Amino acid sequence: ERRKIPILVNGIEVSTSQHFYAKNNFQINYKPDSKLLSRTVFITNNQLDVLMEEINYLKNYAYGCNEQNASKIRALLAEKSIKKALDLPFENEKTLKTIISKLEKTQNNDGSWGWWNQGDQTETWMTIYIADALNLAIKAGYSSSSIYKALNYLEASLNTMNVSERLYAIDILCNFKSPVTYKNYVLKAEKMNLNFTDKFRLISIKQKSKLPYSISEIIQSSNKDKYGVYWGENIMSFKINIVQTSSLAYNILKAEPTNHTVMLEETRNYFLSHLSKNRNTIERAVLLQDITDDIISNNNIKSEIRSELKINGKVMGQEFPMYLDFKNTDGIYIEKTGAPLQISVYETSIQNPDKKTDTLFSINAVFRKGTDTISSVKLGENFQHYGNFFVKKNAEFAMLEIPIPAGAVYINKFKSKLPYETERQYQNDKVVIFFRNLPYGNYYFNIDLQSRFAGQFNVIPTKISLMYFPDVFSFSDAEIFKIIK
């Protein structure tokens with residue numbers, strides 16, 4: 001019998017990236033950095049390669065709540081469009097239909113969706129987001145009865161929604177019903193003090209409804225940096241932020257009868273430069289949805305226009321995409337002339353596992369037998385991974401990851417929940433617990449284990465983080481645990 005044993009990093013792995021659309025002559029230098037685990041350079045002359053990197057990230061994302069399944073639908077539809085344009089087979093037809101079926105099964109009886117399972121607390125914004133994804137799937141030739149139940153729920157709930165949810169819902173409903181139906185809501189919204197995202201959403205609705213509107217505020221409020229053009233503010237919300245606002249502006253300008261080619265191209269460049277910088281699956285999927293078809297239509301690589309690329313003085317070939325791995329002791333000097341290239345540099349480091357971090361949370365974890373804290377057990381004995389975490393202010397969509405020693409197994413996978421727990425998943429190397437809401441306070445957890453294999457094991461820190469803002473996290477001390485014969 002042969003089984004593969006994964007080798008896991010001993011610590012908290014942190015990945016960062018930089019992305020450059022090297023349109024003109026371009027140089028960049030990276031010095032050796034002993035703190036890094038690895039550096040990878042990705043270079044392509046085809047922006048579709050960049051999109052496929054993002055599509056693969058979303059397809060292979062480890063978790064599958066309702067939002068993430070809706071984001072995977074967007075990614076798979078984008079992949080299908082790219083494969084069709086390149087005259088390649090789309091091999092994920094079954095996967096796409098399976099995800100649609102999953103969403104149909106987790107839909108609540110009233111037509112809404114919660115975060116994970118049927119019967120979960122209704123998430124209005126998530127319901128709209130999922131309905132939008134299913135609408136895209138239907139336009140692509142797939143079927144789902146869930147979309148009509150969702151639309152009925154949204155229309156019946158308009159009066160109880162906040163203004164942001166109401167405008168988002170109407171923007172989706174306008175694809176199915178005459179926009180005139182919602183004219184009174186539009187007139188009311190015009191008199192409100194709206195944030196940028198809601199202002200642009202209102203313009204989008206008016207544009208679809210053939211009501212009078214102006215795009216002057218969109219033009220005047222645009223921001224520009226070295227990457228391109230964008231709109232909005234970097235607010236800690238997955239509903240109202242730069243990505244959502246820029247997405248709305250982009251689609252409004254694209255639907256305009258007047259030509260905004262330059263601004264649209266600069267916005268696509270910004271999106272491409274920020275795809276994997278985005279904090280969560282929602283932001284990545286929204287940008288993919290917006291720009292895939294446009295990049296396909298503009299994908300006219302001309303073989304007579306070539307780039308000259310040098311890395312550390314060595315002239316590279318023209319076989320794209322390139323994936324180049326470097327050691328932390330290597331410096332990297334990239335020079336480019338000629339045709340545009342998309343260049344991404346990915347860096348991976350290990351955050352010191354012996355140093356705890358305290359942010360929105362603080363967390364501690366130990367091994368126990370009975371009420372005694374332990375660092376070792378005998379083979380075949382039962383013990384617990386026990387700890388507590390403190391929430392310093394109310395948090396939403398949190399994720400707790402509790403590792404288990406490699407030489408241990410679960411005694412049971414009981415269904416009793418921690419306070420405010422929404423979903424629990426037992427994986428080979430850790431237990432993951434999800435919380436929709438976590439009010440201020442102290443919480444305790446324990447996982448029942450049994451020692452199965454002798455040895456000395458590094459146990460990575462227990463970690464709590466915000467799922468949609470993964471840079472907000474805290475972790476416990478790393479531990480060394482012994483199982484003795």
Side-chain angles (χ1 to χ4, degrees), residues 8 10-12 62-63 65 115-117 120 353-467 470 472-484:
L8 303 178
N10 181 28
I12 301 295
Y63 305 109
C65 72
W115 189 19
W116 282 92
N117 303 303
D120 284 353
D354 298 318
K355 182 181 178 183
K356 291 192 292 186
T357 63
D358 291 334
T359 52
L360 177 62
F361 311 101
S362 61
I363 186 167
N364 295 285
V366 297
F367 291 103
R368 292 202 324 184
K369 186 176 179 183
T371 57
D372 297 329
T373 299
I374 59 172
S375 59
S376 65
V377 293
K378 291 181 179 179
L379 198 61
E381 288 187 330
N382 296 343
F383 63 104
Q384 292 181 328
H385 201 175
Y386 172 87
N388 74 294
F389 58 91
F390 184 72
V391 181
K392 299 177 182 180
K393 63 179 182 179
N394 293 355
E396 293 186 318
F397 301 106
M399 179 169 68
L400 175 65
E401 299 171 80
I402 309 166
I404 69 168
V409 296
Y410 302 113
I411 293 178
N412 55 53
K413 299 179 181 180
F414 57 85
K415 294 297 183 182
S416 62
K417 294 183 175 182
L418 299 180
Y420 305 101
E421 178 181 330
T422 304
E423 171 76 1
R424 179 180 296 218
Q425 297 180 4
Y426 288 89
Q427 300 182 2
N428 289 335
D429 60 326
K430 62 185 175 182
V431 181
V432 188
I433 302 174
F434 300 89
F435 304 88
R436 171 58 180 86
N437 296 292
L438 269 178
Y440 170 90
N442 202 20
Y443 300 83
Y444 294 86
F445 60 86
N446 69 80
I447 305 298
D448 292 326
L449 302 169
Q450 184 179 82
S451 55
R452 183 65 61 84
F453 303 100
Q456 177 173 294
F457 304 97
N458 291 308
V459 183
I460 64 173
T462 299
K463 179 182 176 183
I464 185 165
S465 60
L466 296 181
M467 176 166 267
V472 179
F473 65 89
S474 182
F475 56 83
S476 68
D477 290 325
E479 299 169 89
I480 295 176
F481 192 76
K482 296 180 181 179
I483 298 176
I484 305 166

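Computed from a prediction, not measured in an experiment: that's the story for all the values here.
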Stepwise, does the side chain to side chain contact (heavy atoms under 4.5 Å, CB included) test hold for E423 with D120?
CA-CA 10 Å; E423 171 76 1; D120 284 353; over 6 Å; no
Just verifying a value: how many Å separate N388 CG and I363 CD1, rounded to the nearest 0.5 Å?
8.0 Å
L360 and V472: which non-hydrogen atoms are nearest, and at how many Å?
CB-CG1, 3.9 Å
Can you list everything that forms a side-chain hydrogen bond (donor to acceptor under 3.5 Å, both in side chains) with Q450? Sequence neighbours excluded, please.
N382
Nearest atoms (heavy-atom pairs only) where F457 meets A406:
CD2-CB, 3.8 Å
If I take atom CG from residue N364 and atom OH from residue Y444, how far apart are they, to the nearest 0.5 angstrom?
10.0 Å
Taking the six-membered ring for Trp, are F481 and F367 parallel (under 30°), tilted (30 to 60°) or perpendicular (over 60°)?
tilted
Listed partners of Q384 passing side-chain hydrogen bond (donor to acceptor under 3.5 Å, both in side chains), at least two apart:
N446, D448
Under the rule for side-chain contact (heavy atoms from CB on, under 4.5 Å), what residues qualify as partners of I480, not counting sequence neighbours?
Q456, N458
Where Y63 and Q425 come nearest, the two heavy atoms and their spacing:
CD2-OE1, 3.6 Å
Pairwise distance OH(Y386) to CG(L449) - rounded to 0.5 angstrom
15.0 Å
Mind jotting down which residue pairs meet the salt bridge (Lys or Arg N to Asp or Glu O under 4.0 Å) criterion with at least one end in residues 451-465? Sequence neighbours excluded, please.
none
In this structure, CG of L418 is separated from CZ of F434 (nearest 0.5 Å) by 13.0 Å
Anything under 30° is parallel, anything over 60° is perpendicular, the rest tilted; go ahead and classify Y443 against F389.
parallel
How close do G407 and I483 get, heavy atom to heavy atom, and via which atoms?
O-CD1, 3.4 Å
Nearest heavy atoms of V366 and R368, plus distance in Å
CG2-CG, 3.9 Å
Is the side chain of S476 donor-acceptor paired with the backbone N or O of T462 at a distance under 3.5 Å, no angle test?
yes
Working to the nearest 0.5 angstrom, can you tell me the gap between I433 CD1 and M399 CE?
12.0 Å
With distance as the sole test, does H385 use its side chain to make a donor-acceptor pair with the main-chain N or O of P403 at under 3.5 Å?
yes
Return the CG to CZ distance between N442 and F390, rounded to the nearest 0.5 Å.
6.5 Å
Output yes when a side-chain donor or acceptor of Y410 lies under 3.5 Å from a complementary backbone atom of Q427, and no otherwise.
yes
Applying side-chain contact (heavy atoms from CB on, under 4.5 Å), can you list everything that pairs with K378, at least two apart in sequence or on another chain?
E381
Please examine the side chains of F435 and E421, heavy atoms only from C-beta on, and report whether any two atoms are closer than 4.5 Å.
yes
Sorted by first residue and then second, give each salt bridge (Lys or Arg N to Asp or Glu O under 4.0 Å) pair with at least one member in residues 425-436; sequence neighbours left out.
E123-R436, E396-R436, E401-K430
When every non-hydrogen atom of L438 is compared with those of A398, the smallest separation belongs to CD1-CB, 3.7 Å
In the structure I gave you, are the side-chain heavy atoms of V391 and F361 within less than 4.5 Å of one another anywhere?
yes
